[in-house]
Number of protein chains: 2
Amino acid sequence: MEINIAIFEDNKLIREALQTIINGTPGFRCTGAFANVNQVLADVEFSRPDVVLMDIEMPGRNGIDATKLITDNVPTVKVLIQTVFNDNDKIFKALCAGASGYILKSDSPLKMLQALEDVYKGGAAMSPSIAQKVMQFFVRQNVILVQPEETDFDLSTREKEILALMMEGCNYRDIADKAFISYETVRTHIKHIYKKLHVASRSEAILKARQQGIA
Amino acid sequence: MEINIAIFEDNKLIREALQTIINGTPGFRCTGAFANVNQVLADVEFSRPDVVLMDIEMPGRNGIDATKLITDNVPTVKVLIQTVFNDNDKIFKALCAGASGYILKSDSPLKMLQALEDVYKGGAAMSPSIAQKVMQFFVRQNVILVQPEETDFDLSTREKEILALMMEGCNYRDIADKAFISYETVRTHIKHIYKKLHVASRSEAILKARQQGIA
DNA sequence: GGGAAAATACCGCAATGGGGGATTTTAAGG
DNA sequence: CCTTAAAATCCCCCATTGCGGTATTTTCCC
């Protein structure tokens with residue numbers, strides 16, 4: 001089975017070079033090569049790639065926004081960012097936008113193919129210098145990570161279940177039905193959850209739960 | 001110039017295998033192999049490695065603490081963590097401890113050597129599945145938020161004022177008084193704001209406003 | 001067996017969110 | 001000048017949510 005790749009790259013020479021490399025490698029196939037991301041969703045829809053190789057610097061709409069559009073709307077498609085620069089801001093924005101990897105154009109074609117394969121397999125890929133910046137980020141953020149006040153919120157099993165249902169978008173009534181308890185009991189549980197999480201609304205609770213990895 | 005490696009690994013078989021691989025590869029040399037990290041600083045001092053290959057699971061003192069000791073006291077020495085597990089907690093702790101890389105024991109010797117070289121050159125190395133967890137961390141934590149659609153939400157001047165008051169913690173009544181408009185008008189404005197921001201509650205709106213730097 | 005914590009359940013009230021409709025003011029352009 | 005669109009203003013209705021109580025039963029640990 002071949003890995004289908006779609007390329008977004010404004011430079012014609014590079015675009016065609018990438019296409020040639022990919023199509024010339026057994027196991028890879030380029031199903032689309034586009035010079036901009038103005039119709040990125042339609043392009044992805046059309047070329048049905050497994051992995052998108054995305055240039056981050058492009059005239060007009062930029063690659064990070066396009067990445068977010070793809071991961072939001074077609075989450076099964078992985079995005080591998082390719083760039084000439086490696087400044088922190090772009091890296092972190094790309095990662096937050098849901099990219100599965102971030103490599104440099106200066107990397108060898110072999111490494112690029114390896115990265116495409118890693119990403120296709122569900123992993124992630126980073127050039128060493130990129131990974132290093134990510135590492136540094138963790139070291140710097142150390143304080144925040146190591147002492148997040150209380151990571152244990154003492155939620156009971158039942159409360160975690162209710163919280164999980166809340167995170168699925170259920171309202172009180174839905175939760176009551178799914179948990180086989182009364183509407184009022186749901187309200188009670190949720191009140192307790194809010195107290196324990198020190199929040200005051202559904203959305204805050206869900207945010208905190210996601211950040212802390214509860215439930 | 002050869003890259004000098006020190007190994008910390010409690011399993012004798014693995015330790016010697018690693019030693020053999022490293023010494024059998026041109027450009028690499030094993031200058032020390034230790035079964036525990038009880039005298040890690042002395043061992044590092046003695047073997048003068050460029051890169052330490054550190055097993056994270058060891059009886060007695062663990063690899064993460066040892067990593068922190070090394071990076072704190074001998075910052076020129078890089079540490080590459082090697083582990084059988086890839087659970088989130090250990091990864092992030094290791095990264096925070098200053099590790100330069102994190103690879104799995106299931107990776108091939110070739111990849112390990114590549115990782116050692118990447119780390120030696122000042123980059124960092126991660127197995128794809130590790131990198132993937134790091135990526136997820138960024139997405140989940142909303143470290144930096146990227147909004148593709150439009151960073152400008154077309155909020156009118158008045159709506160931004162109302163939003164600012166909301167962010168100060170005012171309720172409908174307070175906002176009405178401070179903005180010299182009626183309670184109902186405040187509600188109308190806020191409804192419009194929610195629509196434009198694509199959110200459905202006060203807390204989400206405030207979160208988004210903060211992240212996007214609106215108002 | 002007794003006590004603490006959890007799970008269950010109910011009531012009432014205030015605040016919030018979402019739907020609709022409506023008027024006036026302002027801005028912009030033909 | 002007039003038309004039109006957007007912004008700003010106001011009102012009503014209703015469901016959901018958050019928060020304050022209270023209370024009973026179940027579960028679990030000492």
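Chain identifiers are assigned alphabetically (A, B, ...) following the order of the sequence lines, protein sequences preceding nucleic acid strands; residue numbering begins at 1 within each chain. For clarity, every value in this text was computed on a predicted model and none was experimentally measured.
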Checklist entry - What do the steps show when you test Ser201(B) against Tyr194(B) for side chain to side chain contact (heavy atoms under 4.5 Å, CB included), and what is the final call? => result CA-CA 7 Å; Ser201(B) 76; Tyr194(B) 290 170; 5.6 Å; no
With 3.5 Å as the limit, what N/O pairs link the protein to nucleotides 9-13 of chain D?
from, atom 1, to, atom 2, distance (Å)
dT9(D), OP1, Arg158(B), NE, 3.2
dT9(D), OP1, Arg158(B), NH2, 3.1
dT9(D), OP2, Arg158(B), NE, 2.9
dT9(D), OP2, His189(B), NE2, 2.7
dC10(D), OP2, Ser182(B), N, 2.5
dC10(D), OP2, Thr185(B), OG1, 2.9
dC10(D), O5', Thr185(B), OG1, 3.1
dC10(D), N4, Thr188(B), OG1, 2.9
dC13(D), N4, Arg187(B), NH2, 3.2

Checklist entry - Rounded to the nearest Å, what distance is computed from the NE2 atom of residue His198(A) to the C1' atom of nucleotide dG18(D)? => result 16 Å
Checklist entry - Roughly how many Å is it from CD1 in Ile193(A) to P in dG18(D), rounded to a whole number? => result 11 Å
Next on the checklist: Rounding to an integer number of Å, can you tell me how far Tyr172(A) OH sits from dC11(C) P?
Outcome noted: 17 Å
Item to check | Interatomic distance where CG belongs to Leu197(B) and P belongs to dG17(C) [whole Å] | outcome: 12 Å
Next on the checklist: Does this structure show an ion pair linking Arg173(B) with Asp177(B), if we count only N-O contacts that are shorter than 4.0 Å?
Outcome noted: yes
Checklist entry - Given atom CG of Leu155(B) and atom P of dA6(D), what is their separation to the nearest angstrom? => result 16 Å
Checklist entry - Just wondering, are more than 12 heavy atoms of other shown residues or ligands nearer than 6.0 Å to CD in Glu16(B)? => result yes
Next on the checklist: Just the rounded figure in Å: distance from P of dA6(C) to CD of Glu161(A).
Outcome noted: 14 Å
Checklist entry - Taking atom C1' of dA7(D) as reference, at what distance in whole Å does atom CD of Glu159(B) sit? => result 8 Å
Item to check | Pair Ser182(A)-Thr185(A), side-chain donor/acceptor within less than 3.5 Å | outcome: yes
Checklist entry - For Glu9(A), which residues count as a side chain to side chain donor-acceptor pair (under 3.5 Å) partner, sequence neighbours excluded? => result Lys105(A)
Next on the checklist: For a 4.5 angstrom cut-off between non-hydrogen side-chain atoms, does Asn11(A) reach Arg15(A)?
Outcome noted: no
Checklist entry - Tell me: CG of Asn171(B) to C1' of dC19(D), nearest whole Å? => result 15 Å
Checklist entry - OP1 or OP2 of dG17(C) sitting under 4.0 Å from any side-chain N/O of Tyr194(B)? => result yes
